[in-house]
K.L.:
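My structure is below; once you've seen it, I'll send some questions.
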Amino acid sequence: MQALTIDLAAALGGLAYGGDYAPEQWPEEVWAQDVRLMREAGVNLVTVGVFAWALLEPVEGRYEFGWLDRVLDLLDGAAIKVDLATATASPPPWLSLAYPNSLPVDEDGRQLWPGSRQAYCPSSPDFRRAAGGLTEALATRYGSHPALVLWHVSNEYGAHVPHCYCDTSAVAFRRWLAAQYGSIEALNQAWATAFWSQCYADWAQVLPPRASPAQRNPAQLLDFYRFSNDEHLACFRAERDVLRRLTPQVPVTTNFMIAHAKWVDYRSWAGEVDVVSNDHYSLSAAAQDIAIDAALAGDISRGVSGGRPWLLMEHAPSAVNWQPRNFARPPGQLRRNSLGHVARGADSLLFFQWRASRAGAEKFHSALLPHAGTETKLWHEAVGLGQDVRQIAAIAGSRVQADVAILWDWPAWWALELDGHPSVDVTYLDQIRSWYRSLWRRNITVDAVHPEADLTAYRLVLVPSLYLISDVGAQNLADYAEQGGHLAVGHFSGIVDEHDAVRLGGYPGAFRDLLGVHTEEFFPLPQGGSVRLSNGWTATVWTELLHADDAEVMATYVDGPLPATPVVTRRARGGGAAWYVATRLDQGSLDKLLLAVADDAGVTPVGVAPPGVELVRRRHAPAGPAYLFVLNHTDQPADVAAIGPELLTGTPASGTLTVAGGGVAVVCEE
Ligand code: GLA
Ligand code: GLA
């Protein structure tokens, strides 16, 4: 995985800059202007052909490559490298007409029709055969093209059709289950089918979890989600294997949607790609929320990538067009947002997309080159960012170091948000974001890692609402605590195993011993309700009838359903401490808790800065130069301590560096 990543950086001479390029949407006269403007902006990598299947293969088995030959040659002539798509993300009309069973079916049995994109069932043998054929034809034709540096397989697997419930999927699901469980008895056991008369006598009786009169079997749902993930992954692997066979020298990726996509378990994809690449779109209008969301997505991408640099495959130059209201970026935000991704380990700044489409569903999505042309804020910012990228080229390949881990797991997210739980108000992302926000505000760098990852190097491990955990994960955390680790566990964690079966004997079953507590019963709060704590903190959503068996009580509830009951506890062990917080603290209270927990663990921030100023450091290991990123998300100038050349301006910082409101600095600390 690593060797190919480094080759890519070498081919580009630093960080990659560019984005999705769809020349097929434009008359050929426009292409020369595209390439000239790409050079003006410093673009060195473009992703070509993502949605071009219908043009590349207008009739089954008949390929038309002439136009793509000319595009790639034009780009090569301008020394612009290409991330070439396998173009299989959106089947052409002929495919669904010839193979109607390749169309996806939703949980209500409704078939989805062509007319947008991604209209295929990932288990369809016809789809896979056709996708493999196109991939083979592309690899054969372009495998040794001098512009080619990266393969881009499909696009955002599972973005629109994460799960297909058709009959083909049913057969594939049974096959997957048989491989998983070996016998129908083992399946019945894992799914607890004695409940509600669901015992299966034969594999043929098993179905995808289609819409049903009452709550569906949660273990069946979880396995179906795992199966669906694996089917998308199998589609990826099939294309990748064709590429590896024909072009072993060219790295392969597919763009993830980390922190957006609930239904793809990217941990299982990490070892399958040569380089992790991610798409990130801001879902908020507030500057700090945008920054925090991007930082979190970057930290998860880095976690998925095993700490290695990753590629930002897409982000938006300004507004998207798929939210109810699509906010354009105010001046300066693009630069801050983009360089913020680099601060978290991205070795590229790629956008959706190069030139704004004139027609089609995404015509109001921003692009580096907007409808209004080059006399625009957007274009000037695009050119400026291209210069920035060149100024900081030396950063490519360096890594981010963190003392704190936050546990992150897609199946735990799926399981937490299943039906039939004590409160619909307990959800995953908002808890992750809230805990993450507390550390972001203190400039404490966090790695987002899987519960079964090696935790020994971390001073502190955070476990917000990790409802599902495997035995291996539970043991991993127990070992970490036993060896003197510091950790903090949030409410509704450690409740079930991987089949959504409750860990008995009192909640939180997986963590009861390491925390020294047990809970008899949950007492969720009414919608909008809140509860006060004895230390002055406030909380919402959730309370528990908790006993501190072998832990110090740090706070109790003052009111709510359980006055005087413990809510925050701390168990000291082997120099470490295990904290439990049995409620959903409001942000200010959580900031205080995690400040205390981090201090307890001896965690130090990257540096000291005014509120709203983000500090992150990348370093060339082991003793190479370090790069301090200062991202000022406020509108006031900010002073931070820094020594070394500031790379974006070329001016030295010799003690105190002042970063303008909304500005960015990158200091090389040799
Ligand atoms: C109904 C059903 C029971 C059970 C309860 C739960 O009464 O008959 O089987 O599901 O609801 O409240
Ligand atoms: C995703 C897709 C792109 C485009 C953008 C728009 O990331 O991969 O093709 O639709 O969203 O934001």
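Remember, it's 1-based here, ligands and their atoms both numbered in the order they're listed. Reckoned from all heavy atoms, side chains included, excluding hydrogens, waters and symmetry mates. Counting begins at 1 with the first residue of the sequence.
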K.L.:
List in chain and number order the residues that pass salt bridge (charged side-chain N to carboxylate O under 4.0 Å, His left out) with Lys363, two or more places apart in sequence or in another chain; answer none if no residue qualifies.
P.N.:
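Salt bridge (charged side-chain N to carboxylate O under 4.0 Å, His left out) list for Lys363, sorted by chain: empty.
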K.L.:
Centre-to-centre under 6.0 Å for Trp269 and Tyr157, is that the case here?
P.N.:
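Ring centres of Tyr157 and Trp269 closer than 6.0 Å.
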K.L.:
Mark yes or no for whether Asn229, through its side chain, and Asp265, through its backbone, hold a donor-acceptor pair below 3.5 Å.
P.N.:
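Checking the backbone N and O of Asp265 against the side chain of Asn229, a donor-acceptor pair under 3.5 Å is found.
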K.L.:
Please confirm whether Tyr281 and Phe352 have ring centers closer than 6.0 angstrom.
P.N.:
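No, the ring centres sit 6.0 Å or more apart.
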K.L.:
Counting N and O atoms only, with roles assigned by atom type, does the side chain of His280 sit under 3.5 Å from a partner on the main chain of Glu314, one being a donor and the other an acceptor?
P.N.:
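Side chain of His280 to backbone of Glu314, a donor-acceptor pair under 3.5 Å: no, none is there.
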K.L.:
Need the list: ligand 2 N/O atoms against protein N/O atoms, distance under 3.5 Å, rounded to one decimal.
P.N.:
{"unit_1": "ligand 2", "atom_1": "7 (O)", "unit_2": "Glu156", "atom_2": "OE1", "d": "3.4"}
{"unit_1": "ligand 2", "atom_1": "7 (O)", "unit_2": "Glu156", "atom_2": "OE2", "d": "2.7"}
{"unit_1": "ligand 2", "atom_1": "7 (O)", "unit_2": "Tyr281", "atom_2": "OH", "d": "3.4"}
{"unit_1": "ligand 2", "atom_1": "7 (O)", "unit_2": "Glu314", "atom_2": "OE1", "d": "2.3"}
{"unit_1": "ligand 2", "atom_1": "8 (O)", "unit_2": "Asn155", "atom_2": "ND2", "d": "2.8"}
{"unit_1": "ligand 2", "atom_1": "8 (O)", "unit_2": "Glu156", "atom_2": "OE1", "d": "3.3"}
{"unit_1": "ligand 2", "atom_1": "8 (O)", "unit_2": "Glu156", "atom_2": "OE2", "d": "3.4"}
{"unit_1": "ligand 2", "atom_1": "8 (O)", "unit_2": "Glu314", "atom_2": "OE1", "d": "3.2"}
{"unit_1": "ligand 2", "atom_1": "8 (O)", "unit_2": "Glu314", "atom_2": "OE2", "d": "2.8"}
{"unit_1": "ligand 2", "atom_1": "9 (O)", "unit_2": "Arg117", "atom_2": "NH1", "d": "3.0"}
{"unit_1": "ligand 2", "atom_1": "10 (O)", "unit_2": "Arg117", "atom_2": "NH1", "d": "3.2"}
{"unit_1": "ligand 2", "atom_1": "10 (O)", "unit_2": "Arg117", "atom_2": "NH2", "d": "2.9"}
{"unit_1": "ligand 2", "atom_1": "10 (O)", "unit_2": "Glu362", "atom_2": "OE1", "d": "3.4"}
{"unit_1": "ligand 2", "atom_1": "10 (O)", "unit_2": "Glu362", "atom_2": "OE2", "d": "2.3"}
{"unit_1": "ligand 2", "atom_1": "12 (O)", "unit_2": "Trp322", "atom_2": "NE1", "d": "2.7"}
{"unit_1": "ligand 2", "atom_1": "12 (O)", "unit_2": "His365", "atom_2": "NE2", "d": "2.7"}

K.L.:
Between His163 and Glu107, does any side-chain donor sit less than 3.5 Å from a side-chain acceptor?
P.N.:
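Per modelled atom types, His163 and Glu107 side chains form no pair under 3.5 Å.
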